[in-house]
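The structure appears below as structure tokens.
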Amino acid sequence: RSCLSMMAQAVGRRPPRSACARTRASDAAIPPLPRSARRGAMLAAALQSDIIDKQDRSERAAAALDGRDPIAAARKTFDIPRRKLFDDDSLALRGEYLYFAASSFGLQPKEVKRRCAKLWDRYDDVSGPRLGLAGEQASAAELAQDCCQGLGRLLGAEPQDLRLLSRVTPALATELLVGKFQRPGTSVLVVDCLAACLACDGVEATKFEAVVSQLRENGANTSVVLAPLVHPSTGALLDAAALVAAAKSLARGCMVGLEISDAAGNLLPLDLAGLGIDFAIFSTDRYLSGGPDALSGVYVRGGCSEKECAADGPPWSIFAKYEAGACPVQRLAALRCTLEAFDEFPLEELADKASALTAYLSFLLETSSVSVACASKSRASGSFFAFSTQVLGQEALLDRRVAVDMRGDGLYVASPVPLYTSFIDVFRLAEHIRAILADGNTSRDHEETAAS
């Protein structure tokens, strides 16, 4: 492992998963590349000096950035949605979508199809221990262990502190964990965008930006606080360190939970163990590209002792009755395939490219009437890029084969994922937005003229 790590650092790549599949995340971790040696950092510097400083918004500039991109080859390995350009089925001409909707559903590698198809052939030559329900459960357990190893690297957590659930949704997992950790007669402080997940007594909702101050001022009777690490609408990043410090300063202590669906696979690398939170919940269908009907993920800090639980038994016991007999082999195989795609590149390189992509999109939209969220301008939320405009329409974007997430009230989220988004994609997205805005403003001017 030491030799592989040194070679990986020399060529700017991580060792293959098989080299460290059965080790703890802390043992298998590779020292981060120095920023001066990171090609992603060089790409960001070129973006600033050659394009932003020179105000170059040409397609040629976007192509030049793609030529310098150390991760560009990964795009060919992902299944990009396409649509027929002609009604004649005999013509195999299809146009790729500009896909920026990873904040609701991430794209999967092409290898997923082959892996899942291969699962159907596993009974062609099967040994006794792999036969029947017991064999399926053994296969699922091995796949889950491998997936938790990969997730541990992305999330900065020990694999044994992670669980993947196939029959429990993130909302149900949230409710079960909060009910587990809430002490009798105490309240739960939750950010309003997550309040719908909880049906227990004593829930107090608060604004995202006020959760830390609210806990400091009125947290004496609070036993659990729950907040999203990345706000699902604006992309604002929570000050998790301040929240943990405020929770631990209370006389009886307070359990801190985070919803990290928009952070897992997006903010690279995360450090859940270093943040000091007690538990976290996430879905694997977004930036982790777990696919449809994706698995839910749960993190519970290893130091959560039985005394911190309101009910008897370990934290994982609350999921046992839901997960009994579950064998999500296909979904685990699909998730492992995506996690292997992450393993092809240093996480620092992926983070550098995500920052460069969002910086480039913000730069291209400066001259339009689009309002970019403050968190997206600061590039603190990884690939989560929120912007608002009242003229843009979802149908108009889809007609141009552009997919973004719409959050209502003129708010949109575009997610340029470093593994499968190019700078040309970002350039064309900005061009389509400007064209739709121009058409909308022209139509509105005609209507006002006719009315007058």
Side-chain angles (χ1 to χ4, degrees), residues 1-2 4-5 8 14-32 140-166 168 170 173-174 176-177 180-181 224 226 229 238 240-241 243-244 247-248 253 255-261 263-284 287-288 290 295-309 313-320 323 328 332 335-336 338-340 342-343 346-348 350-351:
R1 288 202 304 274
S2 299
L4 282 170
S5 298
R14 298 276 176 173
R17 281 180 59 82
S18 58
C20 54
R22 299 293 179 187
T23 60
R24 297 193 324 168
S26 58
D27 295 334
I30 298 173
E142 288 185 5
L143 285 169
Q145 184 178 3
D146 287 344
C147 288
C148 287
Q149 292 283 350
L151 286 171
R153 173 180 167 242
L154 292 180
L155 304 180
E158 292 294 335
Q160 62 267 25
D161 295 340
L162 294 166
R163 291 291 188 280
L164 289 168
L165 309 173
S166 61
V168 178
T174 301
L176 291 173
L177 282 172
K180 179 75 172 177
F181 293 129
V224 181
L226 179 67
L229 183 57
L238 178 74
L243 182 64
V244 170
K248 301 311 177 186
M255 303 290 282
V256 179
L258 295 181
E259 208 289 333
I260 59 170
S261 293
N266 174 29
L267 301 183
L268 300 171
L270 271 179
D271 186 12
L272 295 182
L275 287 175
I277 63 170
D278 298 295
F279 65 96
I281 309 98
F282 59 96
S283 174
T284 61
Y287 298 96
L288 291 172
L295 301 163
S296 303
V298 173
Y299 162 81
V300 177
R301 179 172 55 85
C304 286
S305 66
E306 299 305 323
K307 293 185 295 183
E308 294 174 303
C309 302
W316 304 122
S317 63
I318 57 177
F319 304 118
E323 293 295 309
L332 285 166
L335 178 61
R336 185 174 70 170
T338 303
L339 293 173
E340 288 173 359
F342 278 100
D343 283 344
L347 297 183
E348 298 83 10
L350 292 171

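- Put simply, the side chain of V224 does not reach to within 4.5 Å of the side chain of L177, judged on heavy atoms.
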- Message: Evaluate L270 against L154 for side-chain contact (heavy atoms from CB on, under 4.5 Å), listing each step before the verdict.
- Response: CA-CA 6 Å; L270 271 179; L154 292 180; over 6 Å; no
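- The CD atom of E340 sits 8.5 Å away from atom CG of D146, with the distance rounded to the nearest 0.5 Å.
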- Under the side-chain contact (heavy atoms from CB on, under 4.5 Å) rule, what do V168 and V298 come out as? Steps first, then yes or no, please. CA-CA 10 Å; V168 178; V298 173; over 6 Å; no
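- Within the model, atoms CD1 of I260 and CG of L275 stand 9.5 Å from one another, a figure rounded to the nearest 0.5 Å.
- For the residue pair A264 and L155, the shortest heavy atom distance occurs at CB-CD2, 3.8 Å.
- With rounding to the nearest 0.5 Å, the separation of CZ in F279 from CG in L272 is 12.5 Å.
- Taking both residues in full, the closest heavy atoms of L165 and A173 are given as CD1-CB, 4.4 Å, listed atom of the first, atom of the second, then distance.
- Every residue two or more places apart in sequence or in another chain that forms a side-chain hydrogen bond (donor to acceptor under 3.5 Å, both in side chains) with S261 is listed here: E259.
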- Task: In sequence, state the C-alpha distance, the side-chain angles, and the governing distance for K248 and D278, and then conclude on side-chain contact (heavy atoms from CB on, under 4.5 Å).
- Result: CA-CA 11 Å; K248 301 311 177 186; D278 298 295; 3.0 Å; yes
- Query: So R163 and F319, side-chain contact (heavy atoms from CB on, under 4.5 Å) or not? Walk me through it.
  - Reply: CA-CA 10 Å; R163 291 291 188 280; F319 304 118; 5.8 Å; no
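- Residues forming a side-chain hydrogen bond (donor to acceptor under 3.5 Å, both in side chains) with T174 (at least two apart in sequence, or on another chain): none.
- Between atom CD of residue Q149 and atom CD of residue Q145 there is a gap of 6.5 Å, rounded to the nearest 0.5 Å.
- Remark: side-chain polar atoms of E323 are paired, donor with acceptor, to backbone N or O of S166 under 3.5 angstrom.
- Once rounded to the nearest 0.5 Å, the distance linking CD1 of I318 with CZ of F181 reads 7.0 Å.
- Residues that satisfy the side chain to side chain contact (heavy atoms under 4.5 Å, CB included) test with P269, not counting sequence neighbours, are L347.
- If you take CG on N266 and CZ on F282, they are separated by 14.0 Å, rounding to the nearest 0.5 Å.
- Here L238 pairs with F208, V211, A227, L229, L243, L258 under the side chain to side chain contact (heavy atoms under 4.5 Å, CB included) rule; sequence neighbours left out.
- Under the side-chain hydrogen bond (donor to acceptor under 3.5 Å, both in side chains) criterion, Y299 pairs with no residue, sequence neighbours left out.
- Across all non-hydrogen atoms, the minimal contact from L335 to L288 is CD1-O, 3.9 Å.
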